[in-house]
Trainee: 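This is the structure I want to talk about, given as structure tokens.
Just so we're clear, the structure is a prediction, and the values are computed from it rather than from any experiment.
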Amino acid sequence: MLRHEFRPGRALAGLTMLALAGGYAAEAAGAWKVPWAFFLPVLLGGLLLSATTTWTAYMVRRRRDARKASAENTEAPASTSGSHAIR
């Protein structure tokens, strides 16, 4: 059993930040020579990808929950049971 649900958008955002941190560290150590303008598209692209992934996961989760709720409600509504009937 999972302790919490998996959030793929947050995972992608974290991986993007780790990649940027690794790139900056390599640049600072002199192991990699890259212009600073390279990191801005990587940041924006990673954030866009994580936002798209988060939205997609939300829509899938919402649809799955709606299907589950409609499958569980096969009985008559409570208002027609007699004790709560409208007079």
Trainee: Taking side chain to side chain donor-acceptor pair (under 3.5 Å) as the cut-off, I'd like each qualifying pair that reaches into residues 51-61, sequence neighbours left out, listed once.
Mentor: Glu5-Arg61

Trainee: Below 3.5 Å, can you tabulate the donor-acceptor pairs from side chains in residues 7-23 to any protein atom, sequence neighbours excluded?
Mentor:
from	atom 1	to	atom 2	distance (Å)
Thr16	OG1	Leu12	O	2.9

Trainee: Throw together a table of side-chain donor-acceptor distances under 3.5 angstrom for residues 25-48, partners on residues two or more places apart or in other chains.
Mentor:
from	atom 1	to	atom 2	distance (Å)
Glu27	OE1	Val34	N	3.0

